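One-based numbering, in listed order, for ligands and for the atoms of each. Everything quoted here is computed from the prediction, not taken from an experiment. Numbering of residues begins at 1 and proceeds along the displayed sequence.
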Amino acid sequence: MIKPFSYKDGIFSILDQRQLPHEEVWIACTTAERVADAIKTLAVRGAPAIGIAAAYGLALAAPLGRGALEEAAGILLRSRPTAVNLEWALRRVLAAVNSYPGDDLSRAVLLEAQEIWEEEIRANEAMATLGAGLFPDGRRYAVLTHCNAGSLATGGMGTAIGVIRRLHEQGKLERVYMDETRPLLQGARITAYEMKSDGIPATLITDNMAGWLMKLGRIDAVIVGADRIAKNLDAANKIGTYSLAVLADAHHIPFYIAAPKSTFDPYTATGEDIVIEERDEHEVRCFKGVPCAPDVPAFNPAFDVAPHELITAIITQEKIFTPGSSAGTGMS
Ligand code: MRU
């Protein structure tokens with residue numbers, strides 16, 4: 001399975017996802033600032049992956065001492081606002097440092113970063129199995145996904161894509177339809193790349209085709225990842241997710257979210273409280289860097305929020321929530 005990053009001897013190497021699928025270019029990071037820049041510019045992206053990358057960013061700062069570690073945490077935290085995994089991982093590493101028996105700061109940080117990554121890998125596996133269980137045996141299903149919630153977004157087998165991989169292993173997947181995911185094409189560039197490498201039957205569509213495919217009866221379920229899930233189970237994910245939730249509801253198709261516990265934010269009450277990242281207008285005016293519109297104002301929210309009442313189920317590594325029928329997680 002392709003990995004979004006690796007660590008060896010003080011170097012955290014990030015596969016530059018902006019170059020995919022054409023080139024596999026690795027960025028060798030030796031400072032937390034370099035990791036923060038890679039997160040900000042989407043060289044590494046996807047909620048769990050940016051959490052893990054931030055933890056390794058701290059591992060690069062740790063040899064410089066406690067002051068540098070705290071400064072690095074601030075820089076990493078400011079790199080992107082919407083995915084809670086980033087803040088969660090930073091808090092977790094800093095807490096581990098405080099409770100580490102001994103004074104080897106670098107070792108304490110590195111061990112915690114490794115543990116976070118390993119936990120995400122295990123969470124993906126558990127989610128895949130639980131999620132595939134939502135699809136009764138005895139037939140194959142066509143599912144629609146958006147953006148990329150696969151290996152390159154998680155460091156493991158993926159959240160939504162993990163469920164899709166498990167369905168495929170179990171002989172229950174007819175086909176995955178992949179939204180291209182404008183403006184930055186994570187679906188076309190990254191999900192399609194992962195599906196092709198795995199030999200999973202997959203068809204690329206433009207975002208505006210999803211409703212028509214549902215109308216034609218060609219989609220059995222929608223399954224996507226999440227960047228932050230509020231206490232009431234409203235879920236932020238890549239822009240376009242809200243539209244899919246509304247369309248799925250209108251066509252009586254289940255709308256599933258797969259996300260690890262690190263994506264649940266116990267401090268945010270509802271989706272209205274989630275900060276939505278706004279990115280540069282040129283991403284909308286251009287297509288793969290080439291201008292496709294005159295110089296008019298463009299609006300570029302990177303995420304939107306699916307309200308909990310439109311979410312049929314949220315699959316985590318431990319249990320499945322059914323937000324349409326319950327008021328919150330009980331997670332704190
Ligand atoms: O802007 P991106 O590419 O970081 O957005 C990623 C998504 O929206 C993913 O669906 C989400 O992070 C879940 S990844 C398991």
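Inspection of the T41 and R18 side chains reveals an N or O donor paired with an N or O acceptor under 3.5 Å.
R91 forms a cation-pi arrangement with Y267, by the criterion of a distance under 6.0 Å to the ring centre and an angle within 45° of the ring axis.
In terms of heavy-atom proximity, L58 sits nearest to L69 at O-CD1, 3.4 Å.
Those atoms of ligand 1 that come under 4.0 Å of a heavy atom in R80, given as number and element, are 1 (O), 2 (P), 4 (O). Ligand-side atoms of ligand 1 in range of A153: 14 (S), range being under 4.0 angstrom from any heavy atom. Interface atoms of ligand 1 facing A149, defined by a heavy-atom separation under 4.0 Å, are 14 (S), 15 (C). Near T154, meaning under 4.0 Å from any of its heavy atoms, are these atoms of ligand 1: 15 (C). Heavy-atom proximity to T159, at under 4.0 Å, picks out these atoms of ligand 1: 15 (C). Using a 4.0 Å cut-off to heavy atoms of P48, the atoms of ligand 1 that qualify are 14 (S), 15 (C). For ligand 1, the atoms sitting less than 4.0 Å from at least one non-hydrogen atom of Q186 are 1 (O), 2 (P), 3 (O), numbered in the order shown with element in parentheses.
Among protein heavy atoms, the minimum distance from atom 10 (O) of ligand 1 is reached at N237 OD1, 2.6 Å. The protein heavy atom nearest to atom 8 (O) of ligand 1 is D227 OD1, 2.9 Å.
Annotation: W26 is not in aromatic contact with F5 [ring centroid separation under 6.0 Å not met]. Between Y256 and F135, a ring centre-to-centre spacing shorter than 6.0 Å is recorded.
Neither the backbone nor the side chain of T263 has a heavy atom within less than 4.0 Å of ligand 1. Under 4.0 Å from ligand 1, heavy atoms of K238 appear from its side chain as well as its backbone. The parts of A47 lying near ligand 1 are both backbone and side chain, judged by heavy-atom distances below 4.0 Å.
Heavy atoms of A226 approach ligand 1 to within less than 4.0 angstrom. Residue contacts with ligand 1 do not include A83, since none of its heavy atoms lies under 4.0 Å from the ligand.
Atom CZ of R122 has more than 12 neighbouring heavy atoms from other residues, nucleotides or ligands inside a 6.0 Å radius. At most 12 heavy atoms of other shown residues, nucleotides or ligands fall within 6.0 angstrom of atom CG in D103. Around atom CD of E272, no more than 12 heavy atoms belonging to other residues, nucleotides or ligands sit under 6.0 Å away. Within a 6.0 Å sphere centred on NZ of K172, other residues, nucleotides and ligands contribute more than 12 heavy atoms.
Looking at Q17, its side chain never comes within 3.5 Å of a backbone N or O of P4 through a donor-acceptor pair.
Inclusion of L42 in the set of residues having an N or O under 3.5 Å from an N or O of ligand 1 is not warranted.
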